[in-house]
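Reading through the structure tokens given below for one structure.
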Amino acid sequence: MTHAIDVNALVQAAAKARENAYAPYSHYQVGAAVLTADGRVFTGCNVENAVYPLGLCAERVAIFKAVSEGHRDFAAIAVMTDNGGSPCGSCRQVMHEFAPEMIVFIADEAGRVRRTTVAELLPDSFGADDLPLTERR
């Protein structure tokens, strides 16, 4: 069952998560909040590292937290940055893995919120259906 989406609450959760961002190199703080199909919200922030590839984006932190707690069905995600930056390709692929039709709200500090979907952000995507038939969990 998918719960109604309170966009303002989801964006506010992402904004609050953004306050915990560890971004001493880029100074680009990102917060994310993912809404599960059963109404739970998991948040994440970006965490950078002096070895740049070892950092992790806010969207993936939020999704991985939810998955680690047993949630794999997602209805929406809100992403908050200072300028409304769009999720990177890696985050788009991770979102696609679990919910290709998930709604994505991209918000900025000025209060603007853009609505899109994972499918729109990652057209002609690659996923489990492209792999040979195997048992999927």
Side-chain angles (χ1 to χ4, degrees):
M1 174 180 163
T2 302
H3 286 251
I5 300 170
D6 182 341
V7 177
N8 290 331
L10 199 60
V11 168
Q12 287 305 311
K16 183 157 180 54
R18 184 173 174 246
E19 294 172 7
N20 293 325
Y22 178 73
Y25 308 106
S26 72
H27 306 288
Y28 192 74
Q29 297 176 300
V30 182
V34 66
L35 174 67
T36 65
D38 66 357
R40 295 215 30 208
V41 174
F42 291 85
T43 60
C45 62
N46 58 319
V47 180
E48 294 181 349
N49 190 285
V51 178
Y52 295 160
L54 298 181
L56 196 59
C57 300
E59 300 92 327
R60 285 181 281 158
V61 170
I63 291 169
F64 293 164
K65 281 171 63 176
V67 170
S68 74
E69 295 295 322
H71 298 271
R72 295 184 182 170
D73 296 319
F74 303 115
I77 190 168
V79 181
M80 165 67 83
T81 67
D82 63 349
N83 64 351
S86 187
C88 75
S90 295
C91 289
R92 293 173 189 206
Q93 185 63 46
V94 168
M95 289 187 279
H96 179 272
E97 177 73 17
F98 295 100
E101 298 302 322
M102 180 169 58
I103 298 168
V104 180
F105 298 102
I106 301 170
D108 66 19
E109 285 183 340
R112 292 179 292 255
V113 178
R114 180 169 67 102
R115 182 188 189 277
T116 187
T117 66
V118 173
E120 291 169 342
L121 289 173
L122 191 64
D124 199 23
S125 59
F126 180 87
D129 291 340
D130 296 303
L131 297 172
L133 290 179
T134 59
E135 183 178 332
R136 295 187 184 121
R137 292 182 179 207

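Using a 4.5 Å cut-off between side-chain heavy atoms of Ile, Leu, Val, Met, Phe, Trp and Tyr, Y52 falls into a hydrophobic cluster with Y22, Y25, V47.
Contact check for C45 versus Q29: no side-chain heavy atoms found under the 4.5 Å cut-off. When side chains are defined from C-beta on, V30 counts as touching V79, because their heavy atoms get closer than 4.5 Å. For the pair E59/V104, no side-chain contact is recorded, criterion being any heavy-atom separation below 4.5 Å from C-beta on.
Applying the salt bridge (charged side-chain N to carboxylate O under 4.0 Å, His left out) test to pairs two or more places apart or on separate chains, those with a residue in residues 7-23 are R18-E109.
When hydrophobic clusters are built by joining Ile, Leu, Val, Met, Phe, Trp and Tyr residues whose side-chain heavy atoms come closer than 4.5 Å, directly or via intermediates, V41 is not grouped with M102. Both F98 and V61 are assigned to one and the same hydrophobic cluster, defined by single-linkage of ILVMFWY side chains at heavy-atom distances under 4.5 Å. Note on M80 and F105: same hydrophobic cluster, where clusters join Ile, Leu, Val, Met, Phe, Trp and Tyr whose side-chain heavy atoms are under 4.5 Å apart, directly or indirectly.
For the side-chain contact (heavy atoms from CB on, under 4.5 Å) criterion with N8, the lone passing option out of L10, D6, V11 is D6.
For D108, the salt bridge (charged side-chain N to carboxylate O under 4.0 Å, His left out) criterion is met by R112, not counting sequence neighbours. N83 is linked by a side-chain contact (heavy atoms from CB on, under 4.5 Å) to Y28, T81, counting only residues two or more places apart in sequence or in another chain. Applying the ring-ring contact (aromatic ring centres under 6.0 Å, His included) rule to H71 yields the partners F42; only residues at least two apart in sequence or on another chain are considered.
Here the shortest heavy-atom pairing between G44 and A58 reads O-CB, 3.6 Å. Between G127 and H96, the closest heavy-atom pair is CA-CE1, 3.8 Å. Nearest approach of A23 to N46, heavy atoms of both residues: CB-ND2, 3.9 Å. L35 and A4 make their closest contact through CD2-O, 4.3 Å (heavy atoms, listed as atom of the first residue, atom of the second, distance). When all heavy atoms are compared, the tightest approach of T43 to A13 is CG2-O, 3.9 Å. Looking at every heavy atom in both residues, V113 comes nearest to A107 through CG2-CB, 4.0 Å.
Taking CD of E48 as the reference point, atom NE2 of H27 lies at 8.0 Å (rounded to 0.5 Å). Once rounded to the nearest 0.5 Å, the distance linking CD1 of I77 with CD1 of I103 reads 12.5 Å. Here the CG-CZ distance, from L56 to F64, works out to 6.0 Å after rounding to the nearest 0.5 Å.
T36 places a side-chain N or O within 3.5 Å of a backbone atom of R40 that can act as its donor or acceptor partner.
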Under 3.5 Å donor-acceptor pairs involving side-chain atoms of residues 87-95, not counting sequence neighbours:
| residue | atom | partner | partner atom | Å |
| --- | --- | --- | --- | --- |
| R92 | NE | P87 | O | 2.7 |
| R92 | NH1 | L121 | O | 2.7 |
| R92 | NH2 | S86 | OG | 2.7 |
| R92 | NH2 | P87 | O | 3.2 |
| Q93 | NE2 | F126 | O | 2.8 |

>> Before you tell me yes or no, could you show the steps for D73 and D38 under side chain to side chain contact (heavy atoms under 4.5 Å, CB included), namely the whole-Å CA-CA distance, both residues' side-chain angles and the distance that decides it to 0.1 Å?
In response: CA-CA 8 Å; D73 296 319; D38 66 357; over 6 Å; no
